[in-house]
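Take a look at the structure below.
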Protein chains: 4
Amino acid sequence: MSPAAAPSAAPRQRRKEARPQELLAAALEVFVEKGFANSRSEEVAARAGVSKGTLYLYYPSKEELLKAVIRHYLGDEVAAGGAEIAQHADDDPEVAFGVLARWWQRMYDSPASGVFKLIVTEARNFPEISAFYVSEVMVPGERLIGQMIERGIARGQLRPATIAHVTHSLLLPLVMLCLHKHALGACMHEAEDMVDPHRFIDDHIALVVRSLRIDAPLPK
Amino acid sequence: MSPAAAPSAAPRQRRKEARPQELLAAALEVFVEKGFANSRSEEVAARAGVSKGTLYLYYPSKEELLKAVIRHYLGDEVAAGGAEIAQHADDDPEVAFGVLARWWQRMYDSPASGVFKLIVTEARNFPEISAFYVSEVMVPGERLIGQMIERGIARGQLRPATIAHVTHSLLLPLVMLCLHKHALGACMHEAEDMVDPHRFIDDHIALVVRSLRIDAPLPK
Amino acid sequence: MSPAAAPSAAPRQRRKEARPQELLAAALEVFVEKGFANSRSEEVAARAGVSKGTLYLYYPSKEELLKAVIRHYLGDEVAAGGAEIAQHADDDPEVAFGVLARWWQRMYDSPASGVFKLIVTEARNFPEISAFYVSEVMVPGERLIGQMIERGIARGQLRPATIAHVTHSLLLPLVMLCLHKHALGACMHEAEDMVDPHRFIDDHIALVVRSLRIDAPLPK
Amino acid sequence: MSPAAAPSAAPRQRRKEARPQELLAAALEVFVEKGFANSRSEEVAARAGVSKGTLYLYYPSKEELLKAVIRHYLGDEVAAGGAEIAQHADDDPEVAFGVLARWWQRMYDSPASGVFKLIVTEARNFPEISAFYVSEVMVPGERLIGQMIERGIARGQLRPATIAHVTHSLLLPLVMLCLHKHALGACMHEAEDMVDPHRFIDDHIALVVRSLRIDAPLPK
DNA sequence: GATGAATGAGCGTTCATTCAT
DNA sequence: CATGAATGAACGCTCATTCAT
């Protein structure tokens, strides 16, 4: 029945409740695509299927909308994911890193991957956002990975190493992959990019783990 | 009178020749700091010590200025550096990767490191910039590293691996480090960031190489 | 409160529909007064009683506004008038030229008379405008007059003559009168200008007709 | 020897003396072509073969340059021509009007014909120019023609008529022809314009005279 | 609530004018 | 005298935000 957009199937009441989420999704999309300063709030509203005025009924300004987008996509989705990984932190590294890989693969596939671009772009313009990201996402995230590695070292499965460095070696490419998806990746021809993201995530984590494994190398 | 504020010390001609470079440096600074769309051309001019109008004597529009910034800092500086690395591509991996590390350390220290942020931020808005970066920087750069690794494999010094993946594992954190410097890094207190960039560059490259070394692991 | 300054008397919808016409009228006024290049779009808006931004809600640029002004005041008003004259083209020259005279008298009195100044001023800057004027106004207008004269000749009421020249002798002063109204006429004291426009229009047309009448010359 | 522009053949001294005239000629050209407000003083300078700065050595501002252009091309050239016509004012109308026709033909061919466009365009913006034109050109010019006609009437060669109207019928098309040359005429294809200017000038004056001739009309 | 017409501060760009060389 | 680099006021246009309907 509904011609194109399924949402019209939902009664008005449901739509009204879903509005904030729809607005956040539309805002994420536009902000990531064009950059925050270059995004017109009218386009955000249009993509959410409402008028400009309605946007301001839910968020008092473009800047507050940005903050809400970031809080939503980092606070809820990432935190939830972090908890999942934390559950497996005590498992065998093989298993724990597998969980980690699958989490990043889902993150890469999700529109939420765009928030990293927003963080990189807007961190200096909105200190509040930086502070939120650092304290709520970066520090806990790095601590989580750091603990996984420390535990592996403690168990004698991994060789000693500078935790912070290894953590960065592990995570930075995964973040960068998400950035790439929404930056150059979005304007390259399909065939130009030689790397399959999911396989790269697996391979990269394996590469880092391999370089850390105590029993790994076992020379010729 | 005051020695510092004596522009008359620099004769007109001398200033005129230096202007383009000064403007590019100022533009890089402002664009990286605020984002391109959020930068006022007057601020670029002011940081270069000239008036708004003067900027337009050298670059016909803000957009052309951006392209010139990117061409200059990627085309000239990076290309020159790439040549240096290429010279050592045939040396022992240990040496070659050492040259690579030192090149990235210089890049990180230089303001040119900011171009990576511009690329990530503006790629989708300026396809011309993406095309330039991909064909002039990304592809040659990845090919260079790829060849270094392939040569190591051919010599039996490195184990076989998916070149593109390893290349990304090696390079993405270095790029990300540059992004970080101009994004979150610029709004964190000194002590908050646990990682020394130069040491991380060395460690990270070593980590990747170690995971590739045939004889690498060498137990505790 | 004050009856004059009660814009709320006009409901939004009503205003919106009237806006384009109001803006065109204001634009004609300002463009004719100051010249297009010398007109500030803010002044056009102000004379229409709206703000700068509102102008751009209806016309995408100052140049498009100019084109719309010319299309409106020539396309609509002139074309309509042309049809009226055409109806009388077959009547006795006396009658037909009388209709013509009254049409030019109304044109002179109307603000639309200013478009001739715009055409003269802007023809070279906007070829599109020239083309429109030539094909939609000048050529049909001259043809109309030309046919009136040819018919008079065919009937033996007027002596043979170079149609194009006579047409110009007839029309150019009428156009020039409109130019004068908005040029020098607008900055001369009332009494300085000795000529009453309506009477001149009658007299001029009579003068041209008299020189054409077959029964007029009668050689010495 | 001189590749394109003959003036370089003239020694510097001569050029220096000729400068003001060259600047006025260049200014007339550009102002007539683009309109005063739309003309860049740099282009005027360039067409005169000098730099922007030099222009300001001779005329203190763009506005003063405009006034000088108008004073020069109306004051000198027109006044001189007026005197010539005045000499023949007492001759037979046939002769006097012949002199008038040849004067307008020369005016039409000369770049000076462009001043009429400047007058029409800028009269309202520069009252000083209007006043000059009215008192130095328009009034004397109309008086001259008026006297020619009055004399013809007094001699019984021309029938009585409203002098001011006849004068306008005679002159306005000639002025309009000059305007046309620099407005629509400049952007029409050769063949589009059916009228040969010189022949039209002759024909138009003849048409007006014919309608005035005492032996002409002789009603039924 | 929802709309979208209206506002006006803000910024990119131009160009008349100045002045060190 | 002549130059052309530099200036900065001015103006076209955009878009976040408001508010009458």
Side-chain angles (χ1 to χ4, degrees), chain A residues 12-13 15-16 19 37-46 49-65, chain B residues 7-8 10-17 19 37-45 48-65, chain C residues 7-8 10-17 19 37-46 49-65, chain D residues 12-13 15-16 19 37-46 49-65:
Chain A
R12 264 188 212 159
Q13 200 49 40
R15 294 223 50 191
K16 212 188 285 185
R19 275 286 155 70
N38 219 17
S39 299
R40 291 161 348 108
S41 48
E42 188 161 21
E43 184 167 4
V44 172
V50 301
S51 76
K52 225 180 340 171
T54 303
L55 181 58
Y56 282 84
L57 251 32
Y58 293 88
Y59 300 96
S61 75
K62 199 183 162 192
E63 185 174 331
E64 284 308 317
L65 177 59
Chain B
S8 60
R12 272 252 180 133
Q13 203 49 39
R14 201 163 192 82
R15 298 304 307 272
K16 200 211 160 183
E17 282 164 16
R19 278 285 147 72
N38 213 25
S39 299
R40 292 179 304 130
S41 52
E42 191 161 16
E43 182 166 3
V44 172
V50 300
S51 76
K52 217 178 354 164
T54 301
L55 179 57
Y56 287 86
L57 250 35
Y58 294 88
Y59 300 95
S61 72
K62 199 184 160 193
E63 185 174 332
E64 284 306 318
L65 177 59
Chain C
S8 60
R12 272 252 180 133
Q13 203 50 37
R14 201 161 190 81
R15 298 306 306 273
K16 200 209 160 186
E17 282 164 17
R19 277 286 147 74
N38 214 24
S39 299
R40 291 178 303 129
S41 51
E42 191 161 15
E43 183 167 2
V44 172
V50 300
S51 76
K52 212 178 359 163
T54 301
L55 179 58
Y56 287 88
L57 249 35
Y58 294 88
Y59 300 96
S61 72
K62 197 185 160 193
E63 185 175 330
E64 284 306 318
L65 177 59
Chain D
R12 264 188 213 159
Q13 201 48 39
R15 293 225 49 190
K16 212 189 285 185
R19 274 287 153 71
N38 218 18
S39 299
R40 292 162 345 108
S41 48
E42 189 161 20
E43 184 168 2
V44 172
V50 301
S51 75
K52 226 181 339 172
T54 303
L55 182 58
Y56 282 83
L57 251 32
Y58 292 87
Y59 301 96
S61 74
K62 200 184 161 191
E63 185 175 331
E64 284 307 318
L65 177 59

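Quick note on labels: first sequence line is chain A, next is B, and so on, each numbered from 1. Basis for what follows: all heavy atoms, side chains included, without hydrogens, waters or symmetry-related copies. Here the structure is a predicted model, which means the values were calculated and not measured.
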Tell me the interatomic distance from Glu43(C), atom CD, to dG12(F), atom C1', rounded to whole angstroms.
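Between C1' of dG12(F) and CD of Glu43(C): 15 Å.
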Starting at atom OH of Tyr59(A), determine the distance to atom P of dT18(F), rounded to an integer number of angstrom.
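For the pair Tyr59(A) OH and dT18(F) P, the rounded distance is 17 Å.
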Nearest-nucleotide comparison on DNA chain E, the residue closer to the 5′ end among Gly49(C) and Tyr56(B):
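Final value for this comparison: Gly49(C).
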Most 5' of Thr54(A) and Glu42(D) on DNA chain E, judged by nearest nucleotide
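The residue mapped nearer the 5' terminus is Thr54(A).
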Using a cut-off of 4.0 Å on non-hydrogen atoms, how would the nucleic acid contact of [X] be classed: base, sugar-phosphate, or nothing?
X	answer
Ser41(C)	sugar-phosphate
Tyr58(C)	sugar-phosphate
Leu57(A)	base

Is there a Watson-Crick or G-U wobble partner for dT21(E) with both distances under 3.5 Å, and if so, which one is it?
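dT21(E) is paired, partner dA2(F).
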Checking base pairs now: Watson-Crick or wobble, both atom distances under 3.5 Å. What partners dC11(F)?
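Across any shown strand, dC11(F) pairs with dG12(E).
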Can you list everything that forms a side-chain contact (heavy atoms from CB on, under 4.5 Å) with Ser61(D)? Sequence neighbours excluded, please.
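Result, side-chain contact (heavy atoms from CB on, under 4.5 Å) vs Ser61(D): Glu63(D), Glu64(D).
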Mapping Lys62(C) and Leu55(B) to their closest nucleotides on DNA chain F, which lands nearer the 5' end?
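Whichever sits nearer the 5' end wins; that is Leu55(B).
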On DNA chain F, does the nearest nucleotide to Val50(B) precede the nearest nucleotide to Pro60(A) from the 5' side, or the other way round? Give the residue.
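Its nucleotide being nearer the 5' end, the pick is Val50(B).
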Which heavy atom of Leu55(C) sits nearest a heavy atom of Ala45(C), and at what distance?
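That would be CB-CB, 4.4 Å.
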Could you report the tightest heavy-atom contact between Tyr56(D) and Lys62(D), atom names first, then the distance?
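Where Tyr56(D) meets Lys62(D) most closely, the heavy atoms are OH-N, 4.4 Å.
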Options dT17(F), dT13(E), dA6(F), nucleotide nearest the side-chain atoms of Ser61(B):
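Nucleotide nearest to Ser61(B)'s side chain: dT13(E).
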The side chain of Arg40(A) lies closest to which of these nucleotides: dT17(F), dG12(E), dC15(F)?
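Ranking dT17(F), dG12(E), dC15(F) by closest atom to the Arg40(A) side chain puts dC15(F) first.
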Below 4.0 Å: OP1/OP2 of dA2(E) and any side-chain N or O of Arg19(A)
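Result: yes.
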N/O donor-acceptor pair, side chain Lys52(A) with base dT17(F), under 3.5 angstrom:
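Present.
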With side-chain contact (heavy atoms from CB on, under 4.5 Å) as the test, would you mind laying out the steps for Arg19(C) and Thr54(C) before giving the verdict?
CA-CA 9 Å; Arg19(C) 277 286 147 74; Thr54(C) 301; 4.2 Å; yes
